[in-house]
Amino acid sequence: MEAIILLGAPGSGKGTAAERLRADCGLQHVSTGDMLREAVKAGTPLGVEADGYMKRGELVPDGLIMRLVESRLDNGRADARYMFDGFPRTTAQAKQLDSTFLKRNGRVTNVFFLDAPRAVLMQRLTGRRVCRKCGAVFHVANMPPRKAGVCDVCGGELYQRSDDSEATIANRLDVYNRQTESLISWYTGKNLLVRVDSSRNADVLVKDIRLLLNESLGKRA
Ligand code: AMP
């Protein structure tokens, strides 16, 4: 079992990159944000507990997140390659990920830090629209759907995430600076982190990450 981690602030393009890399690199995309939104929608006890934190743009407690991730790993194949998007978000989660992987003979092989200035993050998050049915992500200016409000992929209705309001976005970016940024030095210390400029468009970014991944696979072969 192996894991690649996409680290970066909200709006840095982790979800878009992970979705594309999943398709062409045979990776399992694990987004804790998507899993939480599904739990909220389904009204599970975990979803009910997580909902308030998410609405305020705060982090959901580490214990709940680890329960979600571990159940996902338990249901996956022993030789799976995962791409984590939005996880880990605290040093405690990173430590617990290490011990969970150790138990399963797995390891983290690469960490990509998707770096973009705050103004770019704000512009991306305020204009983001998501399909209610299939989860595809659009942007009113950078990646508009063919027909306003309608998903190109499945025809579903596009909506704005409740935590993509301007006040909540500002809080999420502050929470990232306070609680998640420390992971940059944590993974640098482990010699796993590579910084990529994610203010560029998704095609260029994904091409870059794919190249770096192939390079590191070549070195390990
Ligand atoms: P995202 O879709 O990754 O932007 O996540 C949306 C929200 O879900 C975040 O603002 C947090 O409230 C919560 N969340 C997602 N992943 C995590 C995590 N690894 N740790 C704590 N909270 C998380």
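Start at 1 and go down the list; that is how both ligands and their atoms are numbered.
- Taking each heavy atom of E2 and F101 in turn, the nearest pair found is C-CE2, 3.8 Å.
- Checked by distance only, ligand 1 and L59 stay at 3.5 Å or farther apart across all their nitrogen or oxygen atoms.
- Annotation: atom 13 (C) of ligand 1 to nearest protein heavy atom, L36 CD1, 3.5 Å.
- L27 is connected to I209 through a chain of hydrophobic side-chain contacts under 4.5 Å among Ile, Leu, Val, Met, Phe, Trp and Tyr, so both are in one cluster.
- Ligand 1 places these atoms under 4.0 Å from at least one heavy atom of R37: 2 (O), 6 (C).
- Counting the atoms of ligand 1 from 1 in the order shown, those under 4.0 Å from a heavy atom of Q93 are 18 (C), 19 (N), 20 (N), 21 (C).
- Residues L212 and V204 do not share a hydrophobic cluster, clusters being chains of Ile/Leu/Val/Met/Phe/Trp/Tyr side chains in contact below 4.5 Å.
- Checked against a 3.5 angstrom limit, the closest N/O atoms of R89 and ligand 1 fall inside it.
- In this structure, R161 has a heavy atom closer than 4.0 Å to ligand 1.
- Of all atoms in ligand 1, listed by their number and element, those nearer than 4.0 Å to a heavy atom of G86 are 16 (N), 17 (C), 18 (C), 19 (N).
- Remark: ligand 1 atoms within the under-4.0 Å shell around heavy atoms of I65 are 17 (C), 18 (C), 19 (N), 20 (N), 21 (C), 22 (N), 23 (C).
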With salt bridge (Lys or Arg N to Asp or Glu O under 4.0 Å) as the test, would you mind laying out the steps for R128 and D163 before giving the verdict? CA-CA 11 Å; R128 176 159 69 183; D163 60 350; 5.3 Å; no

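- Across every non-hydrogen atom of A94 and P88, the tightest pair is N-CB, 3.6 Å.
- Contact record, D152 with K147: OD1-N, 4.4 Å, taken as the closest heavy-atom pair.
- Interface of G33 with ligand 1, defined as ligand atoms under 4.0 Å from a residue heavy atom, comprises 2 (O), 5 (O), 15 (C), 16 (N).
- Expressed to the nearest 0.5 Å, how far CZ of R81 lies from CG of L217 amounts to 5.0 Å.
- Shortest contact from atom 7 (C) of ligand 1 to any protein heavy atom: M54 CE, 4.0 Å.
- Q179 CD: more than 12 foreign heavy atoms inside a 6.0 Å radius.
- Interface of E58 with ligand 1, defined as ligand atoms under 4.0 Å from a residue heavy atom, comprises 11 (C), 12 (O).
- The shortest contact between atom 10 (O) of ligand 1 and any protein heavy atom is with R172 NE, 4.0 Å.
- By the 6.0 Å contact criterion, CG on N191 is open, its count of non-hydrogen atoms from other residues, nucleotides or ligands being 12 or less.
- The proximity of K14 to ligand 1, defined as any non-hydrogen pair under 4.0 Å, does not occur for either the backbone or the side chain.
- With hydrogens left out, the protein atom closest to atom 16 (N) of ligand 1 is T32 OG1, 2.8 Å, a heavy atom.
- Here V60 has heavy atoms under 4.0 Å from ligand 1 in both its backbone and its side chain.
- For the pair R161 and Y159, the NZ or CZ position fails the cation-pi test of under 6.0 Å to the six-membered ring centre and within 45 degrees of the ring normal.
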